[in-house]
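Right, one structure below, let's go through it.
Below, all heavy atoms of this structure are taken into account, side chains as well, without hydrogens, waters or symmetry copies.
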Amino acid sequence: MRRLLERQQAGELATRHVRAVAETVGVSERTVWRWLEQAKTTGQLEAPVRQGYAVSDEVWALLGEVGGNVAELRRRLAAAGGASVPSASTLHRVIRRDRRAGRALMVEREPERWPGRVGPIRSASWA
């Protein structure tokens, strides 16, 4: 970013320079132009770090109470009237990321595999 700013101040910055940086970093050209504008106004030369949604310990415990069911977790969060309930896809993504990172889920109850089913279904030949 520092080199791009230096080129821009010297009047030598071309779109090809921005395009090369965008391809190298894996973002769009527009993003690099935005970063340049932010760097000029704030003086911050690093790309901004995105703060994503994180599951709190309380929400993680609630997930354990509902047997790991993310849809039920979201329903309970919405019923509790939380400030902002993330979308189901966001919850799934963040919980999957945390599980892959090694966060353990302590399940208080087994999830129901076949709700409403009383016992095993067997034919007469099993008797």
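Side-chain contact between Leu13 and Leu5: absent, with no pair of heavy atoms (C-beta onward) separated by less than 4.5 Å. Glu65 has its side chain within reach of Arg76: a pair of non-hydrogen atoms, C-beta onward, lies under 4.5 Å apart. With contacts defined as side-chain heavy-atom distances shorter than 4.5 Å, the pair Trp35/Val25 qualifies. Side-chain contact between Leu4 and Val32 is present, with at least one heavy-atom pair separated by less than 4.5 Å. Side-chain atoms of Ile95 and Leu73, non-hydrogen and from C-beta on, do get closer than 4.5 Å to each other.
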Side chain to side chain contact (heavy atoms under 4.5 Å, CB included) between Asn69 and Leu63, worked out: CA-CA 7 Å; Asn69 186 331; Leu63 180 64; 5.9 Å; no
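With rounding to the nearest 0.5 angstrom, the OH atom of Tyr53 is 7.5 Å from the OG atom of Ser84. One finds the CG atom of Leu36 at 10.5 Å from the OG1 atom of Thr41 (value rounded to the nearest 0.5 Å).
Of the possible polar contacts, none joining the Arg74 side chain to the Leu91 backbone as a donor-acceptor pair under 3.5 Å is found. Checking side-chain atoms of Thr31 against main-chain N and O of Val27 turns up no donor-acceptor pair under 3.5 Å. Here the side chain of Thr42 pairs a donor or acceptor atom with the backbone of Gln38 at under 3.5 angstrom.
Taking a cutoff of 4.0 Å between a charged side-chain nitrogen and a carboxylate oxygen, Glu72 and Arg75 qualify as a salt bridge.
For the salt bridge (charged side-chain N to carboxylate O under 4.0 Å, His left out) condition, the pairs that include at least one residue of residues 29-42, sequence neighbours left out, are Arg19-Glu29, Glu37-Lys40.
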